[in-house]
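Notes follow the structure.
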Amino acid sequence: MRTRKECGYSLVELLLVVAMLALIAAVATPGISADDQVKLERAATEVAAALRFARSEALRTGTGHGLTISHVTQKVTVRKYDLTTTPISALDTLMHPVSKQPYDFNVNTGAATAGVTIDNSSDIFEYEVVGRRRSLIFDASGTPVWIMSSGPAAYLLIDGSVELNYEDQMRYVRVSPVTGRVTIE
C-alpha cells in the first residue's frame, strides 16, 4: 500500500507511456518514402500532361505543336511551331489550359516536385536518321516527328523516354513512336 507521501509514477509506468507515444507518432507521421513517391508521381504526371497537351493542340488546330525538354536545365516548355519556315521555328510558348500562365516549368524546383530530376544522359528524343534532339513536334495528325526544314522531310520518332529520378526511385514518361501515345511507367 502506498501512503500519501509516495506520490508519483514508477519507471515501468513512464517507459510504457513513452513507448505508446512513440508508437502513435510512428503511425501518425507519414513515411519519407511515401513523400518521395508522391513527388515523383507529380513530376511524371506534369511531364505527361505537357506532352499530351502539345499533341492535343496539334490535332485540334492542324498545326505543329510540341515541346522542348532539357536534361541540362531541367525545364519543360510547350510551344507552337511554324512548319512553313526554313528552318522550322518555335513560335509562342503555349498558355497552360488551367493556370493561363506560359506552359513551361522546371521539374526540380516546382513546389510539388522539388528535388526530382530529369535523369537522361543525353537529349531525350531520338529520331531516325537525325539522331537525338531535345524537342519533339507533333504534326497535324498527332504523330511525333522531327522536321529539319519546311517541306515533306519529317523524321519519325524512334524513342522518346523521359527518365525522372528522385532519391534512387525512377519513373519513365514514354512517347510511343507513330501514335504519339503518352504513358507513365
Side-chain angles (χ1 to χ4, degrees), residues 29-61 63-82 88-127 130-139 142-147 155-185:
T29 308
I32 301 289
S33 62
D35 188 41
D36 296 352
Q37 191 65 29
V38 168
K39 284 186 176 190
L40 199 53
E41 280 300 317
R42 286 179 182 157
T45 301
E46 280 188 38
V47 171
L51 284 159
R52 290 177 182 134
F53 181 66
R55 184 173 185 274
S56 70
E57 285 298 291
L59 288 167
R60 184 181 70 78
T61 63
T63 60
H65 285 73
L67 69 161
T68 300
I69 300 178
S70 174
H71 68 282
V72 175
T73 63
Q74 301 291 306
K75 192 166 186 170
V76 177
T77 306
V78 182
R79 294 192 165 111
K80 178 178 180 180
Y81 287 85
D82 185 353
I88 301 303
S89 57
L91 297 174
D92 304 322
T93 298
L94 295 181
M95 294 300 180
H96 191 282
V98 176
S99 70
K100 306 299 182 205
Q101 299 297 314
Y103 206 148
D104 62 344
F105 59 93
N106 192 308
V107 173
N108 65 359
T109 60
T113 61
V116 176
T117 58
I118 298 170
D119 232 23
N120 295 63
S121 58
S122 61
D123 287 336
I124 310 257
F125 305 106
E126 183 177 4
Y127 300 93
V130 296
R132 292 201 165 274
R133 300 283 187 257
R134 60 187 182 124
S135 296
L136 173 75
I137 299 171
F138 291 100
D139 65 11
T143 302
V145 295
W146 179 255
I147 301 172
Y155 301 96
L156 293 177
L157 180 72
I158 295 172
D159 177 50
S161 297
V162 183
E163 299 172 12
L164 298 168
N165 182 359
Y166 187 77
E167 296 185 5
D168 297 327
Q169 296 181 26
M170 298 289 291
R171 295 292 282 171
Y172 298 90
V173 179
R174 300 190 194 278
V175 180
S176 177
V178 182
T179 64
R181 181 173 181 239
V182 178
T183 56
I184 300 173
E185 299 172 3

What pair of heavy atoms forms the shortest contact from [X] to [Y], and how long is it?
X: P177; Y: P144; result: CA-CG, 4.4 Å
X: V130; Y: R133; result: O-NH1, 3.4 Å
X: P102; Y: T93; result: CB-CG2, 4.1 Å
X: L51; Y: V182; result: CB-CG2, 3.7 Å
X: N106; Y: T109; result: CB-OG1, 3.3 Å
X: Y127; Y: I137; result: OH-N, 4.2 Å

Next on the checklist: Show every salt bridge (charged side-chain N to carboxylate O under 4.0 Å, His left out) that has at least one partner inside residues 113-127, sequence neighbours left out.
Outcome noted: E126-R132
Roughly how far apart are [X] [atom1] and [Y] [atom2], rounded to 0.5 Å?
X: N108; Y: T117; atom1: CG; atom2: OG1; value: 7.0 Å
X: R171; Y: Y166; atom1: CZ; atom2: OH; value: 15.5 Å
X: Y103; Y: E57; atom1: OH; atom2: CD; value: 10.5 Å
X: L136; Y: R55; atom1: CG; atom2: CZ; value: 10.5 Å
X: S56; Y: F138; atom1: OG; atom2: CZ; value: 9.5 Å
X: R42; Y: L164; atom1: CZ; atom2: CG; value: 14.5 Å

Next on the checklist: Given H65, which partner from the list L91, L59, L94 fulfils the side-chain contact (heavy atoms from CB on, under 4.5 Å) test?
Outcome noted: L94
So, [X] side chain and [Y] main chain: donor-acceptor pair closer than 3.5 Å or not?
X: S176; Y: T179; result: no
X: R174; Y: E185; result: no
X: D92; Y: K80; result: no
X: N120; Y: E163; result: yes

Item to check | Criterion side chain to side chain contact (heavy atoms under 4.5 Å, CB included) on E46 and V107, from CA distance to verdict | outcome: CA-CA 9 Å; E46 280 188 38; V107 173; over 6 Å; no
Checklist outcome for this item: The complete set of ring-ring contact (aromatic ring centres under 6.0 Å, His included) pairs with one or both residues in residues 104-126, sequence neighbours excluded, reads none
Item to check | Close side-chain approach of V76 to V162, heavy-atom, < 4.5 Å | outcome: no
Checklist entry - Does the side chain of V116 come within less than 4.5 Å of N165's, by heavy atoms? => result no
Next on the checklist: Run K39 and T113 through side chain to side chain contact (heavy atoms under 4.5 Å, CB included) and show every step you take.
Outcome noted: CA-CA 5 Å; K39 284 186 176 190; T113 61; 5.5 Å; no
Next on the checklist: Quick check on R134: does its CZ atom have over 12 non-hydrogen neighbours (other residues, nucleotides or ligands) under 6.0 Å away?
Outcome noted: no
Checklist entry - What do the steps show when you test L156 against V145 for side chain to side chain contact (heavy atoms under 4.5 Å, CB included), and what is the final call? => result CA-CA 5 Å; L156 293 177; V145 295; 4.0 Å; yes
